[in-house]
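Not measured: the values here are computed from a predicted model.
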Amino acid sequence: MASKAAAKKRAEPVSEDEDVDVDMADVPEDGLDSAGSGASGDEDEGGKAARPKLKKKQVPQNHKEQRDLRAQRKQAGNPGFVLITDMKHMWEEGRQKACTSERRTEIVKEMLHLIEGKLREVVFQHDGARLVQFCLHYGDPAQRQRLFDALYADIAELTQHTYSKFIIPKVLQYGTKEQRASIIKSFYGRVKKMMRHKTAAEVLSLAYMDYANAQQRASMVEEFYGPEFALFKSAEKRTLDEIFAEQPAEKKAAILRNMRDTLRPLLEKGRWSHHIIHRLLLEYLTHAQPADVAEMMDQIREQAVEMLHTKEGARIALMCLWQSDAKGRKAIIKSFKQFVVKIAMEEYGHVVLLGLFDSVDDTVLVRKSILSGLAESINDIAMDKYGAKVLLYLLSPRNSKFTAPDVIALLAQGDSNPHSKKDAQTRHAELLEGIIEPMQLTVQLNCANLLQSDGAHCLLVEQILRTPGPLHADAVASTTQYVADVPAVMEHPAIHRVLKAVVKCDLGDFAFARALAGHLKGSLAKFAKVNRPAFVVLGLLESGCADVAAAVKAELKPIVGELRKLSNLAGPSLLAQVLSGEKVQAPKHDKQPRKRAADSDEPKAAATPAPVADVAAVAPAAVAPAAVEESAVESAPSVPPTTPGARRRAGKAAGAPEADAVPAPTPARSTRKKTPAPAAEEGAADAVPAPTPARSTRKKTPAPAADEAVAAAPITPAGPATAKKG
């Protein structure tokens, strides 16, 4: 009985706060090991011998005790733990959507009061950095200025820490223009050092791309040119070409050497994605010697895929393609294979694919590594803004209708590379053969979304339908069926142009024109009376397919009179002219743009002077009438002067006294009643009366009578208004 009682006592749970008292009388002589092995024959309910419980370490029994224990441990090694805990309670209230802006401002004020003088205890911790970001986000300008003043002295240290690095972008985002300039200025002199630090490089790259202006970017890049550029900053934006022009010739080699020695360690550390590195690499590859360029190309060729998201990085990748041999191009293409879909939908990366299509002669490799990846995601690529440009380039390369002129000019720089030998047309034909079937399949399955999307998607459908291929008939059938099911799409400003262009395309059988005419049979009269659909019907008439044109004409012949009445619509009007066999004329619009008098191509009509008496009777006998006419022609102005000051200057230029100068005639547009001048003195009765100046609001004074000398002189118009005083 005693042994059973001891076994039962051993099996009872023991509190962790009390010691275990073991009665050595109950323990077998073999010791605890034999008792634990079941030598005594006493077993618990599970069939195993129960071992005596020894004293254990104290363990919390509930969650509250566990939380308290964790808090004690954190507080032991974190002097700012209590401060951050109090702030987190306020932060939890302020981050709720239900919190009002007034209450949130008060919370920020209380949080700033708590961390005043203790900011360093907060910013380098994970939760503390989040609290400071909250204050920058929701604080007012004065509160943000407070935080900025407290953080500015430690900017360099903050950029190098795992958590505090997120505070600097918040200051740049919500700070003032002056605060951004101060932060960027604090980077001067340590740009190269920051680029070597992984965490600081991310902050510097963000400031360079999103917040620095052109002059600040140039100042940061200049530090890679040499130590003197880090110490002496220019107040103006300078490019590397301008610096080379200012510096002596031997300085160019030193600058390029500094750039090379700085870039190599950075590239070895994996700093491939930063915009500032891309700019430096492009400048170096543009100005360095061919041998140095080839050496740098070997280092960056397989990593070019990591630089395609920037404009400079895409230019570097194109240079790598153009200056690499077949082996180097194969390495570049293999690095692109995994990311080809993403590259095709990049703003700058898709241009690299266009250059690859233009320069790589191994079309089999391109089809396996590049086009196969495009074919797997052809729907997503066709619906993307830049992906559609890639497909359009494969269908129609170097076409300014689909590709921007500056992109064509950039791609033309690689036409003279020494490693591309195959004819351009042959190369593009081989590439198109590998991608046309997936293109036609996507039109067959997704023509509705493509036609109704904005951008180049309608043009993509047009080019696919105009290109022969194995699935051309299926793509035509799907598109024409969609137009028949949803005829309202012909009212779309882009779709009706696509349909009109495709029906005129002859691939040997006019498949699209025949299919569309068959679907619209019996409804052509209805569509012919609407403006944009009428152009589609007109395209069927002008398609070149005789039977289609005859069927359309037979159906529309009875309504030619109705179409003539729709003269205010361009489509029905042109359709009526074609059906009647008339000469097609451009439709006349009711409202023509009114041309202003200043924009008129016709010269203004010269003002007509008052009737002049017989010149031969007025002029003295010594002056012949022919001489008078010649003098008048030589001195006649294109526009007569109309202001009193201009007339006075013109009279002085002609040599006549100012008071006796004959005023200029009234301009043609004047509607004022002309008042003739009073009679001249004896001998000047036939003098020309002075007309009233145009648009003058001053009270008119009769012109003084001319004397005998003026009356005897030939009548010469005043000189130009710009004549100088004699």
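L356 is not listed as a side-chain neighbour of L318, based on a closest heavy-atom distance of 4.5 Å or more. Contact of the T403 side chain with the L392 side chain is not registered, since no non-hydrogen atoms from C-beta on lie closer than 4.5 Å. With contacts defined as side-chain heavy-atom distances shorter than 4.5 Å, the pair Y386/E346 does not qualify. Taking 4.5 Å as the limit, every side-chain heavy atom of M307 sits out of range of all side-chain heavy atoms of S273. In this structure the side chain of L541 reaches within 4.5 angstrom of the side chain of K553, judged on heavy atoms. Looking at heavy atoms from C-beta onward, L365 lies out of side-chain contact with V360 at the 4.5 angstrom threshold. With contacts defined as side-chain heavy-atom distances shorter than 4.5 Å, the pair L556/L575 qualifies. The closest side-chain heavy-atom distance from L520 to V537 is not below 4.5 Å.
In this model, a donor atom of one side chain and an acceptor atom of the other lie less than 3.5 Å apart for N379 and T442. A donor atom on one side chain and an acceptor atom on the other are found under 3.5 Å apart for R301 and S324. Judged purely by distance below 3.5 Å, without hydrogens or angles, the side chains of R564 and S573 never pair a donor atom with an acceptor atom. Looking only at atom types and distance, the side chain of D380 has no donor-acceptor partner in the side chain of S377 under 3.5 Å away. Checked by atom type, the side-chain pair H275/T310 shows no donor-acceptor distance below 3.5 Å.
R514 places a side-chain N or O within donor-acceptor distance of the main-chain N or O of D509, the cut-off being under 3.5 Å. Remark: side-chain polar atoms of S369 are not paired, donor with acceptor, to backbone N or O of V366 under 3.5 angstrom. With hydrogens and angles disregarded, no donor-acceptor distance shorter than 3.5 Å links the side chain of H492 to the backbone of V489. A donor-acceptor pair is defined here as one N or O able to donate and one able to accept, closer than 3.5 Å; no such pair exists between the side chain of K337 and the backbone of I370. Between the side chain of D406 and the backbone N or O of A409 there is no donor-acceptor pair closer than 3.5 Å. Under the 3.5 Å distance criterion, the side-chain polar atoms of Q440 are matched with a main-chain donor or acceptor of T467. At distances below 3.5 Å, not a single donor-acceptor pair connects side-chain atoms of H274 with backbone N or O atoms of I276. Checking side-chain atoms of S478 against main-chain N and O of Q444 turns up a donor-acceptor pair under 3.5 Å. In terms of modelled atom types and a separation under 3.5 Å, the side chain of N446 and the main chain of V443 share no donor-acceptor contact. In this structure, H472 contributes its side chain and R466 its backbone to no donor-acceptor pair below 3.5 Å.
Only one option out of D358, V352, I316 pairs with L321 in a side chain to side chain contact (heavy atoms under 4.5 Å, CB included); it is V352. Between D361 and the choices R329, R427, K421, the side-chain hydrogen bond (donor to acceptor under 3.5 Å, both in side chains) rule is met once, by R427.
Of all the heavy atoms in V548 and A517, the pair that sits closest is CG1-CB, 3.9 Å. When all heavy atoms of H457 and A382 are compared, the closest pair comes out as CD2-O, 2.7 Å. Minimum interatomic distance between N531 and A570 (heavy atoms only, all atoms of both residues): OD1-N, 3.5 Å. Between Q323 and M297, the shortest heavy-atom contact is OE1-CE, 3.8 Å. When all heavy atoms of Q216 and Y211 are compared, the closest pair comes out as OE1-O, 4.1 Å. Between A344 and H350, the shortest heavy-atom distance links the atoms O-CB, 3.4 Å.
Crowding of E302 atom CD: a count of heavy atoms from other residues, nucleotides or ligands under 6.0 Å not exceeding 12. Counting non-hydrogen atoms of other residues, nucleotides and ligands closer than 6.0 Å to NZ of K504 gives a total above 12. Atom CZ of R497 sits in a sparse spot, with 12 or fewer heavy atoms from other residues, nucleotides or ligands closer than 6.0 Å. Residue-environment remark: CD (Q338) stays at or below the threshold of 12 foreign heavy atoms within 6.0 Å.
Rounded to the nearest 0.5 Å, atoms CZ (R532) and NE2 (H496) are 6.0 Å apart. Interatomic distance, CG of L459 versus CD1 of I464, reported as 11.0 Å (0.5 Å rounding). Interatomic distance, E306 CD to I300 CD1, rounded to the nearest 0.5 Å: 12.0 Å. Remark: K342 NZ to F336 CZ distance equals 13.0 Å, nearest 0.5 Å. Remark: L563 CG to L569 CG distance equals 10.0 Å, nearest 0.5 Å. Taking CG of N417 as the reference point, atom CG of D325 lies at 11.5 Å (rounded to 0.5 Å).
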Query - Full working for side chain to side chain donor-acceptor pair (under 3.5 Å) between R279 and Y208 - result: CA-CA 11 Å; R279 175 173 173 176; Y208 178 87; 3.2 Å; yes

Report task. Go through the steps to decide whether H519 and D485 satisfy the test side chain to side chain donor-acceptor pair (under 3.5 Å), and finish with yes or no. Result -> CA-CA 9 Å; H519 284 297; D485 295 340; over 6 Å; no

Report task. Take D384 and K389, measure what salt bridge (Lys or Arg N to Asp or Glu O under 4.0 Å) needs, and give me the verdict at the end. Result -> CA-CA 9 Å; D384 184 74; K389 293 183 179 181; over 6 Å; no

Query raised in the report: Would L471 and M439 count as a side chain to side chain contact (heavy atoms under 4.5 Å, CB included) if you check the C-alpha gap in whole Å, the side-chain angles of each, and the deciding distance to 0.1 Å?
Result: CA-CA 9 Å; L471 298 179; M439 288 186 186; over 6 Å; no

Query raised in the report: Taking it one step at a time, do T480 and F512 satisfy side chain to side chain contact (heavy atoms under 4.5 Å, CB included)?
Result: CA-CA 7 Å; T480 53; F512 192 88; 3.7 Å; yes

Report task. Using the side chain to side chain contact (heavy atoms under 4.5 Å, CB included) rule, take Y393 and H428 through it: C-alpha gap first, then chi angles, then the decisive distance, then the call. Result -> CA-CA 9 Å; Y393 195 83; H428 282 288; 3.9 Å; yes

Requested in this report: Check the pair S396 / F402 against side chain to side chain contact (heavy atoms under 4.5 Å, CB included), numbers first and verdict last.
Outcome: CA-CA 8 Å; S396 182; F402 313 128; 3.8 Å; yes

List, one per line, each side-chain donor-acceptor pair under 3.5 Å for residues 430-437, sequence neighbours excluded.
residue: E430; atom: OE1; partner: T363; partner atom: OG1; Å: 2.7
residue: E430; atom: OE1; partner: K422; partner atom: NZ; Å: 3.1

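A salt bridge between K521 and E555 is absent, with no side-chain N of the basic residue lying under 4.0 Å from a carboxylate O of the acidic one.
H309 is linked by a side chain to side chain donor-acceptor pair (under 3.5 Å) to nothing, counting only residues two or more places apart in sequence or in another chain.
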